[in-house]
Number of protein chains: 4
Amino acid sequence: MARSSDDKYNKILQAAIDVISEKGLDKTSISAIVKKAGIAQGTFYLYFSSKKALIPAIADNLFTITLEAVKDEIQGKETFWDVLEVVIDETFKITDAYKDVIVLCYSGLAIDYSMEKWESIYQPYYEWLEDIINTAIHNNEIINDINVKWTARTIINLIENASERFYISHEQDNSLNVVKNEIFNFIKRSLFRG
Amino acid sequence: MARSSDDKYNKILQAAIDVISEKGLDKTSISAIVKKAGIAQGTFYLYFSSKKALIPAIADNLFTITLEAVKDEIQGKETFWDVLEVVIDETFKITDAYKDVIVLCYSGLAIDYSMEKWESIYQPYYEWLEDIINTAIHNNEIINDINVKWTARTIINLIENASERFYISHEQDNSLNVVKNEIFNFIKRSLFRG
Amino acid sequence: MARSSDDKYNKILQAAIDVISEKGLDKTSISAIVKKAGIAQGTFYLYFSSKKALIPAIADNLFTITLEAVKDEIQGKETFWDVLEVVIDETFKITDAYKDVIVLCYSGLAIDYSMEKWESIYQPYYEWLEDIINTAIHNNEIINDINVKWTARTIINLIENASERFYISHEQDNSLNVVKNEIFNFIKRSLFRG
Amino acid sequence: MARSSDDKYNKILQAAIDVISEKGLDKTSISAIVKKAGIAQGTFYLYFSSKKALIPAIADNLFTITLEAVKDEIQGKETFWDVLEVVIDETFKITDAYKDVIVLCYSGLAIDYSMEKWESIYQPYYEWLEDIINTAIHNNEIINDINVKWTARTIINLIENASERFYISHEQDNSLNVVKNEIFNFIKRSLFRG
DNA sequence: AATGAATGAGCTTTCATTCAT
DNA sequence: AATGAATGAAAGCTCATTCAT
């Protein structure tokens, strides 16, 4: 949904991400955002209807980045397991890079109970993985008595949670590679068609 | 941590849960809480240092309830898989009952980056499940080449996420039982020692 | 420092002086000031960073008035003693007119131990009198074995205290003229070069 | 007025002086005072009718100390000029020791416009100096065409202000002795019967 | 489209004081 | 006399939003 053509829209969005990452959502004022963006107070409202409208926009931006990164990386990968590895790698990478923004998204999530908006943002990501899974089933790479929709969502959640526990909750008893391996195997054992 | 002996502490806590569940954290004022609790504005601050201090207390309360419910239900269950079923059942039950509070906890999570507090609240739950897993490994019920700590956390996250997607995100394409089954099997396939 | 061009700044300052004079600093709320000034609550904070920031501004305003009044009146006066008389006259006049504000300044003085600010406000007044004294020494009107800086400060304090005792502490056993005379002579006896 | 027999009264008074000296009047709460005094919140009100009632009590305490110190030191001094020297010495000494309390008294001065109370506290000090001056006139040490009451007040104010400028406003261009000398001579030149 | 001064509702928090024990 | 939990009024300040320019 990003109006990438519009200079100011993105300037504001980036300024918002920067300031909120640093200060947290609550302590971030519009005035701090516009100051960083180098625009006037009132101009903000020409591009966003309210402060709350920032959050879905930020989340949307984040998911676009994630999905694009994943799609980029899977070029040439053939098996489902290669794709899974890429998804894990990229999710960890992006979680590390955007941890503050992710936390913000969680807090934004609670505002207005805007779950629907949330779901619609995730939608393309879910659907993309559903396709991948269906292909894998078709190719006899993975078992077929699963609910594809539910499994796509579960896998994404699983990986996201693991990476958040690693980078945000600092649950770092194990090295990055150990954790990535653990999650890869956890999923593989569950889905692999032996 | 629950000072169940302290009348007023719990009165405030319950009022806070009620009001926040209804209105959301942002739109909940202390004055609404104290009004519901039937105490004076200042009295709130004798029991909680600030509005933010409510959130860990509420979360703590929620986890105490969950863990107690689980422990209650597993009386007499023998196998790991029975226990897993109970954990799934209870998690879904409590997610349903406390969905508003759970959302609030997520948003609270972002305030002050208080991840440490968060972790310490989950800790007993994690440790309890680690014990269960270790026993299951010992009994040859599940495979043994897993990282127990990481797996305990992952299972809990997995189940919580599934139930939240079901009750909070209203991802209800499938019936409750189908979903519960799906998650049970997802985990079982991954851990079962055939 | 008076931004006489700025309409609102002065409107607030005047309203603050009025309200504080009437009610005292402690019992004066910002809301009373803005009400009197005919502006919104938030507007106050566009011009003053806090309630406390009013006090130096008020004091500054008061001193500017005093010094200007004195300078106005000494036009054409030739001797040091004529000038001293004017200083006494004007100090008493202004003390009478602004007694409430002066009391407020004393109390404000204690807030934040902001003595430095205080000193910098007095500075131009002190320096002006130092010049007068130096000229008087040069003209052989007064003795020359004094510390000019210290003496300037002392004379101003002496006169201010006398007028405050008269108008604020109501130490009015003697008529205004008697008191003025007493102080004039006290100083003259001390400094006159016979 | 000091109920020196009453243990708790003085314990509170001393705690108040300590806390207020450190934090300033505004930021000092009764709760901090009672905590320091080691008594209960309510007990404060058995000895002082309100927070404001503290200030005259503190001031009274300060003046009692000052006057006693002066009286102590003038034992055996014969001339008015010896006494004047003692008054200067002791005033500077006490100003240095109690600067924070003095500042507090200034700010308290503005509360309630309680000038009358103020005057009554100073009264014994003023009267004591009037007696000294009358004796000096009688002994032909100083000139006789002065208003004794006014002069007593003026001398005390003069010395107090000089010492406050020195210790509180840090007007320390000159050494302590230079300043003391300056003030002694300023007064002597004004009053000496040559 | 862009500005930024002005708005004013509404919040959290403090704290002097009370009173039942 | 002493306590200290409870009170609740009161106030400073913030900040999302508006609107005249």
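Predicted model, so just to flag it, every value in this text is computed and none were measured.
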Comparing B:A40 and C:Y45 on DNA chain F - which has the more 5′ nearest nucleotide
B:A40
Name the nucleic acid region contacted by C:S50, choosing base, sugar-phosphate or nothing; use a 4.0 angstrom heavy-atom cut-off, strictly under.
sugar-phosphate
C:S29 has a side chain; which of E:dA6, F:dT7, F:dG12 sits nearest to it?
F:dG12
Closest approach of C:L62 and C:Y98, non-hydrogen atoms and distance?
CD1-CG, 3.6 Å
Residue closer to the 5' end of DNA chain E, C:Q41 versus B:F44 (nearest nucleotide):
C:Q41
Between A:A57 and A:F48 the two heavy atoms that sit nearest each other are CB-CE2, 3.8 Å
Would you indicate whether the side-chain heavy atoms of A:I12 and A:V34 approach each other to under 4.5 Å?
no
Indicate yes or no: at least one non-hydrogen side-chain atom of A:Q14 is less than 4.5 angstrom from one of A:N10.
no
Which whole-number value in Å describes the distance from B:Y47 OH to F:dG4 C1'?
11 Å
I want to check one thing: is the phosphate of E:dC11, taken as OP1 and OP2, less than 4.0 Å away from some side-chain N or O of B:K27?
no
Output the rounded distance in Å from NZ (B:K51) to P (E:dT13).
9 Å
Selected nucleotide, minimal atom distance to A:L46 side chain, candidates E:dA16, E:dA1, F:dT7
E:dA1
Which ranges of DNA chain F pair up as stems, where a stem means three or more consecutive Watson-Crick or G-U pairs with both distances under 3.5 Å?
E:2-21 with F:2-21
What is the nucleic acid contact for B:T43, judged by heavy atoms within less than 4.0 Å: base, sugar-phosphate only, or nothing?
base
